[in-house]
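What follows is a set of notes on a single structure, which appears directly below.
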Amino acid sequence: MAEADVAAGVIDRLLSALAAQLALSGERALSGGAAEAFADLSRAEVEHIFGQAGHLVHYGADTEPLESLIHAISAVIRTEAPADAPFKPGDEVRLVGALPEALAEYDETWLRQISFTVRYAGRGLMVDVQSDLTEDYIVATVPAAAVERIPR
């Protein structure tokens, strides 16, 4: 088994274990120590964690605990986002304007029909978005100008 496959498998197991623990606690938020572990994540770390978690949800059967974990991690990352960021992790968005280069290999019609969730927002003009997990689990860095908030 390749090292990358082993690493992905380990992350899958850890995410599943943390999701199960969160479900057993009956809480919708991570404990202080768990939340602290997800504070100050880099863009690359966020992309990797949500990509792996998204893959598990997209292809999984019992996904409710994992979805709760994803929301809990998003809540932690949201508090870490800059106050002046145009979008915050957890915001639901859709693509607008020209198709971002990071998504050029995907069907544009499909991309325009699905919703995305902001996963990372820094001080720059870029945000990381993830597709609706029922559709796929793409995580892509796109210009903030290429998305608009979906009213709730």
Side-chain angles (χ1 to χ4, degrees), residues 1-20 22-23 28 30 34-35 37-82 85-152:
M1 188 180 271
E3 189 173 329
D5 294 334
V6 171
V10 169
I11 291 170
D12 287 353
R13 287 175 185 261
L14 291 172
L15 289 170
S16 294
L18 188 55
L22 183 63
R28 300 204 49 89
L30 295 168
F38 288 109
D40 296 325
L41 291 174
S42 70
R43 172 172 265 130
E45 290 169 327
V46 166
E47 182 178 323
H48 199 73
I49 288 169
F50 282 104
Q52 287 294 127
H55 180 264
L56 288 171
V57 170
H58 185 72
Y59 290 109
D62 180 25
T63 62
E64 190 174 323
L66 283 163
E67 289 178 49
S68 293
L69 176 62
I70 288 170
H71 292 299
I73 295 170
S74 287
V76 170
I77 297 170
R78 185 177 185 87
T79 65
E80 299 285 319
F87 299 98
K88 304 274 187 187
D91 287 349
E92 296 294 317
V93 297
R94 75 173 123 254
L95 293 175
V96 295
L99 190 65
E101 188 176 315
L103 297 171
E105 68 186 71
Y106 296 94
D107 178 64
E108 184 171 0
T109 303
W110 174 73
L111 289 171
R112 302 287 182 192
Q113 294 172 348
I114 65 171
S115 64
F116 291 84
T117 302
V118 174
R119 295 298 181 205
Y120 183 88
R123 295 207 178 277
L125 300 175
M126 305 295 274
V127 295
D128 281 35
V129 296
Q130 185 172 36
S131 60
D132 180 314
L133 299 177
T134 60
E135 296 288 335
D136 203 328
Y137 56 95
I138 303 164
V139 179
T141 303
V142 301
V147 296
E148 70 178 7
R149 195 171 281 105
I150 297 173
R152 290 186 185 214

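Note that the numbering runs from 1 along the sequence shown for the chain.
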Original post:
Under 4.5 Å between any side-chain heavy atoms of I114 and T134, yes or no?
Top reply: no
Original post:
Side-chain contact, heavy-atom cut-off 4.5 Å: T63 with L56?
Top reply: no
Original post:
Partners of E108 by side chain to side chain contact (heavy atoms under 4.5 Å, CB included), sequence neighbours excluded?
Top reply: L99, R112
Original post:
What is the distance from atom OH of Y120 to atom OG1 of T141, rounded to the nearest 0.5 Å?
Top reply: 9.5 Å
**OP:** Answer yes or no: is there a side-chain heavy-atom contact under 4.5 Å between D40 and E45?
**Re:** no
**OP:** For residues K88 and R78, report the shortest heavy-atom separation together with the two atoms involved.
**Re:** CB-NH1, 3.2 Å
Subject >> Between CG on residue L22 and CG on residue L15, distance to nearest 0.5 Å >> reply: 12.0 Å
**OP:** Determine whether L18 and F38 make a side-chain contact, defined as any pair of heavy atoms from C-beta on separated by less than 4.5 Å.
**Re:** yes
**OP:** Return the minimal non-hydrogen interatomic distance between R123 and P82, and the atom names on each side.
**Re:** NH1-CB, 3.4 Å
Original post:
What pair of heavy atoms forms the shortest contact from A34 to L30, and how long is it?
Top reply: CB-CB, 4.0 Å
**OP:** Examine distances only and state if a side-chain atom of R119 and a backbone atom of I77 form a donor-acceptor pair shorter than 3.5 Å.
**Re:** no
Subject >> Donor-acceptor contact present, side-chain S131 to main-chain I138, <3.5 Å >> reply: yes
**OP:** Indicate the atoms forming the closest heavy-atom contact of I150 with S115, along with that distance.
**Re:** CD1-CB, 3.6 Å
Subject >> Non-hydrogen side-chain atoms of L103 and L95 separated by less than 4.5 Å >> reply: yes
**OP:** For E148, check salt bridge (charged side-chain N to carboxylate O under 4.0 Å, His left out) against everything at least two apart and list the hits.
**Re:** R94
Original post:
Rounded to the nearest 0.5 Å, how far does CD1 of I49 lie from CG of L41?
Top reply: 5.0 Å
Original post:
Taking C-beta and beyond as the side chain, do L125 and P143 meet within less than 4.5 Å on heavy atoms?
Top reply: no
Original post:
F116 and side-chain contact (heavy atoms from CB on, under 4.5 Å): which partner among L111, V147, V142?
Top reply: L111
Subject >> Taking every non-hydrogen atom, the tightest pair across Q52 and A8 >> reply: NE2-O, 3.3 Å
Original post:
Say you draw a straight line from CD1 of I11 to NE2 of H48; how long is it, rounded to the nearest 0.5 Å?
Top reply: 3.0 Å
Original post:
Under the criterion side-chain contact (heavy atoms from CB on, under 4.5 Å), which of D91, V118, T117 is the partner of V129?
Top reply: V118
Original post:
Side chains of T109 and Q113: does their closest heavy-atom pair fall under 4.5 Å?
Top reply: yes
**OP:** Describe, in one word, how the ring planes of Y137 and H58 are oriented to each other, choosing from parallel (under 30°), tilted (30 to 60°) and perpendicular (over 60°).
**Re:** tilted
Original post:
What are the two closest non-hydrogen atoms of A144 and F87, and how far apart are they?
Top reply: O-CE1, 3.4 Å
**OP:** Could you tell me whether the side chain of D136 reaches within less than 4.5 Å of the side chain of W110, counting heavy atoms only?
**Re:** yes
